[in-house]
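Fair warning: this is a prediction, and the values are worked out from it, not measured in the lab. Counting starts at 1 for both ligands and their atoms, in listed order.
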Amino acid sequence: MSSKKVTNICCLGAGYVGGPTMAVIAQKCPHIKVNVIDLNKERIALWNESDLGKLPIYEPGLDDVVSEARGRNLFFSTDIERHILEADMIFISVNTPTKTYGVGRGMASDLKYVELCARQIASIATSDKIIVEKSTLPVRTAEAIKTILDATGKEGVRFQVLSNPEFLAEGTAIEDLHFPDRVLIGGEEDQDGQNAIQALVEIYANWVSRERIVTTRVWSSELSKLTANAFLAQRVSSINAISALCEKTGADVKEVAYAIGQDSRIGSKFLKASVGFGGSCFQKDILNLVYLCRHFNLPEVADYWQQVVKINDYQKERFAKNIISTLFNTISDKKIAFLGWAFKKDTNDTRESAAIYVADELLQDGGIIHVYDPKVSADQIHSDLEYLQRNRIEKSNDKLAFTIEDIKKRVFVHDSPYNALTNAHAIAILTEWDEFKTYDWINIYNKMIKPAFVFDGRDMVSKKEMEKIGFKVYSIGK
Ligand code: NAD
Ligand code: UDX
């Protein structure tokens with residue numbers, strides 16, 4: 001395969017990664033036509049909305065990037081066939097959730113969407129293509145993709161498969177894409193592989209300095225993505241484990257995190273104790289890593305990483321149980337107000353959010369939950385709770401404890417925080433939205449049932465100041 005200049009890119013998957021990533025490539029490379037394709041027609045329609053407030057995902061700065069490039073060299077479409085045919089390079093950016101069935105259920109990544117992409121590409125392509133894995137995938141998936149492409153592709157059409165994992169974090173996706181710490185590209189060691197790597201390097205080099213573009217073998221690249229997420233999550237679980245010890249000993253986890261973070265060997269990032277990490281990546285990628293280790297008969301390594309997820313489950317459960325025990329051991333029919341539902345601030349994504357687990361635990365004890373989140377809809381919140389239950393029930397062969405109708409009678413979602421908080425027995429802060437810091441807490445206190453409890457899962461309020469107002473405050477790690 002010769003080193004051809006790329007002028008037409010197609011991306012399969014217009015989600016949290018495919019959408020922003022392709023929008024930035026189009027913004028920075030006006031000479032390249034970028035087509036983002038999805039099977040989901042509604043999602044594509046929202047990407048094409050003239051009202052940029054209706055884009056399917058919320059990310060600060062995304063609307064500006066989309067408005068600059070859309071219609072110029074950035075297009076969103078469902079026409080898979082046409083855009084695969086035209087493309088020199090095809091990114092696969094589809095979802096790779098944890099498998100919920102069969103072999104590897106609850107642990108391995110479900111690669112059915114990736115496999116479908118490979119089969120679609122093979123059946124449509126009539127010219128050579130560079131395929132780029134943008135989805136997070138287990139080690140050696142590139143090999144599987146290549147096997148499918150070579151076995152089912154048209155005669156004489158050649159494929160190169162690169163691994164180019166995405167490291168953006170939600171809420172800061174545009175900033176992360178504009179100024180990445182590094183871009184990682186893995187490819188085959190032969191000349192064709194190196195030519196393909198070079199073609200992708202040239203795209204990123206339009207705005208990323210070449211020292212920050214790291215090239216490796218394909219399997220190292222695939223494994224680096226899982227490892228990076230495992231290390232980041234491990235830091236959060238480590239500080240969360242210490243937060244439990246702080247609560248028993250009178251140490252303050254914020255002070256401990258600051259003190260250890262000053263050591264340049266440790267560093268200060270990802271040491272913020274919380275109600276537990278969420279998001280679509282950390283848990284899924286660690287479980288996948290654990291599965292791989294077990295598959296390769298490395299039980300000690302698997303157990304080591306599994307513990308990161310266990311501590312995270314422990315932290316979420318500890319937070320919920322503390323609410324119940326503090327409210328005199330029952331929350332039956334008590335109003336608990338949730339500030340925040342998203343898994344972190346500045347995103348409307350709720351996948352694996354700690355709020356879902358905390359709410360589920362409180363519902364089982366008879367609590368009534370009133371939620372305010374600036375970006376998450378009521379439908380999303382109700383379906384998150386139903387989905388969690390279904391998952392749990394599939395594992396235990398139990399009956400659904402709450403139908404979606406039951407959930408709607410016990411979980412209320414508000415457009416205004418003050419409606420959610422009025423007459424509440426307790427407030428649980430689950431997401432670190434900046435606006436929570438600006439609230440009129442004296443007014444809120446006056447509207448609550450006494451004693452008025454605040455359970456701060458995100459270190460958002462000053463315990464001292466809130467206690468002065470009259471609140472009873474629980475803060476993680478204090
Ligand atoms: P997502 O669910 O938001 O988007 C995936 C999209 O792919 C969906 O809209 C789905 O309809 C579409 N799709 C599925 N099969 C398709 C097909 N055959 N053709 C066209 N479209 C198809 O997922 P996401 O959060 O964007 O994650 C995508 C991948 O990126 C995952 O592997 C994830 O682990 C990885 N990743 C995610 C993040 C993140 O912050 N969300 C960060 C880094 C890496
Ligand atoms: C993560 C990785 O950071 C990113 O590189 C990868 O591409 C995708 O997965 P994301 O899940 O979007 O990104 O957000 P991140 O900022 O990593 O936060 C994940 C979770 O950890 C959130 O729930 C966050 O609140 C929590 N967290 C993070 C903490 O509780 N404490 C911290 O110090 C940092």
Side-chain angles (χ1 to χ4, degrees), residues 10-22 36-44 46-47 56-57 59 76-80 83-84 90-98 109-121 133-138 141 164-173 176-177 180-182 225-226 228-233 235-240 243 253 257 261 268-286 288 312 315-316 340 342-347 349-355 430-432 457-459 476:
C10 164
C11 174
L12 302 180
Y16 282 88
V17 169
T21 309
M22 291 304 126
V36 193
I37 315 300
D38 207 292
L39 299 173
N40 182 333
K41 290 192 181 77
E42 291 81 46
R43 211 167 204 183
I44 289 298
L46 290 172
W47 278 112
I57 66 177
E59 267 301 333
F76 295 91
S77 156
T78 50
D79 190 347
I80 294 190
H83 296 300
I84 286 179
I90 302 169
F91 286 75
I92 299 180
S93 190
V94 298
N95 34 330
T96 51
T98 303
S109 282
D110 191 343
L111 300 181
K112 69 179 175 199
Y113 306 105
V114 173
E115 182 178 336
L116 178 63
C117 288
R119 291 187 186 279
Q120 280 172 316
I121 295 167
E133 295 177 347
K134 187 50 108 177
S135 295
T136 302
L137 297 167
T141 307
N164 172 221
E166 184 46 62
F167 294 98
L168 67 80
E170 290 179 25
T172 53
D176 295 342
L177 288 164
D181 285 348
R182 73 337 204 156
K225 175 64 198 175
L226 292 185
N229 273 351
F231 268 59
L232 290 169
R235 284 175 68 94
V236 179
S237 276
S238 295
I239 200 69
N240 281 344
S243 75
V253 75
S268 60
K269 294 183 178 161
F270 271 73
L271 287 181
K272 198 160 191 313
S274 68
V275 55
F277 60 72
S280 64
C281 294
F282 280 179
Q283 175 169 299
K284 159 178 84 74
D285 292 348
I286 294 175
N288 187 6
N312 197 48
Q315 189 76 347
K316 292 182 280 191
F343 81 97
K344 63 186 283 198
K345 72 171 179 177
D346 291 339
T347 178
D349 194 349
T350 63
R351 289 176 288 182
E352 293 300 331
S353 179
L430 276 313
T431 313
E432 72 283 23
R458 293 288 186 170
D459 188 30
I476 284 180

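The backbone N or O of Ala342 lies less than 3.5 Å from a partner atom in the side chain of Thr431, making a donor-acceptor pair. The backbone N or O of Gly278 lies less than 3.5 Å from no partner atom in the side chain of Lys344, so there is not a single donor-acceptor pair.
A salt bridge between Lys134 and Glu166 is present, with a side-chain N of the basic residue lying under 4.0 Å from a carboxylate O of the acidic one. With salt bridges taken as basic N to acidic carboxylate O contacts below 4.0 Å, none links Lys225 and Glu133.
Annotation: Phe167 places an N or O atom under 3.5 Å from an N or O atom of ligand 2; distance criterion only. Residue Gly278 has at least one N or O atom closer than 3.5 Å to an N or O atom of ligand 2. Checked against a 3.5 angstrom limit, the closest N/O atoms of Phe277 and ligand 2 fall outside it. In terms of polar-atom proximity, Gly279 is not counted as a contact of ligand 2, lacking any N or O under 3.5 Å from an N or O of the ligand. In terms of polar-atom proximity, defined here as any N/O pair under 3.5 Å, Glu170 does make such a contact with ligand 2.
When each atom of ligand 2 is checked for a heavy atom of Leu232 under 4.0 Å away, the hits are 3 (O).
Just one residue in the list Asn288, Asp285, Thr96 forms a side-chain hydrogen bond (donor to acceptor under 3.5 Å, both in side chains) with Ser109, and that residue is Asn288.
The CD1 atom of Ile121 sits 7.5 Å away from atom SG of Cys10, with the distance rounded to the nearest 0.5 Å.
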May I have a table of the N/O to N/O pairs between ligand 1 and the protein that fall below 3.5 Å, each row giving the two atom names and the distance to 0.1 Å?
residue, atom, partner, partner atom, Å
ligand 1, 3 (O), Tyr16, N, 3.1
ligand 1, 3 (O), Arg43, NH1, 3.4
ligand 1, 3 (O), Arg43, NH2, 3.4
ligand 1, 4 (O), Arg43, NH1, 3.4
ligand 1, 9 (O), Asp38, OD1, 3.3
ligand 1, 9 (O), Asp38, OD2, 2.6
ligand 1, 9 (O), Arg43, NH1, 2.7
ligand 1, 11 (O), Asp38, OD1, 2.6
ligand 1, 18 (N), Gln120, OE1, 3.2
ligand 1, 25 (O), Arg351, NH1, 3.4
ligand 1, 25 (O), Arg351, NH2, 2.8
ligand 1, 26 (O), Tyr16, N, 3.0
ligand 1, 26 (O), Val17, N, 2.8
ligand 1, 32 (O), Thr96, OG1, 2.6
ligand 1, 32 (O), Thr136, N, 2.9
ligand 1, 34 (O), Thr136, OG1, 3.4
ligand 1, 34 (O), Lys284, NZ, 2.5
ligand 1, 40 (O), Glu170, OE2, 3.1
ligand 1, 41 (N), Glu170, OE2, 2.7

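The closest approach between a heavy atom of Glu352 and any atom of ligand 2 is not below 4.0 Å. In this structure, Arg235 falls outside the shell of residues with a heavy atom less than 4.0 angstrom from ligand 2.
Classified by interplanar angle (parallel below 30°, tilted 30° to 60°, perpendicular above 60°), the ring pair Phe76/Trp47 is parallel.
Counting only non-hydrogen atoms, the option in Lys344, Lys345, Glu166 that gets closest to atom 15 (P) of ligand 2 is Lys344.
Two residues are said to be in side-chain contact when any heavy atoms from C-beta on lie closer than 4.5 Å; Gln120 and Leu39 meet this criterion.
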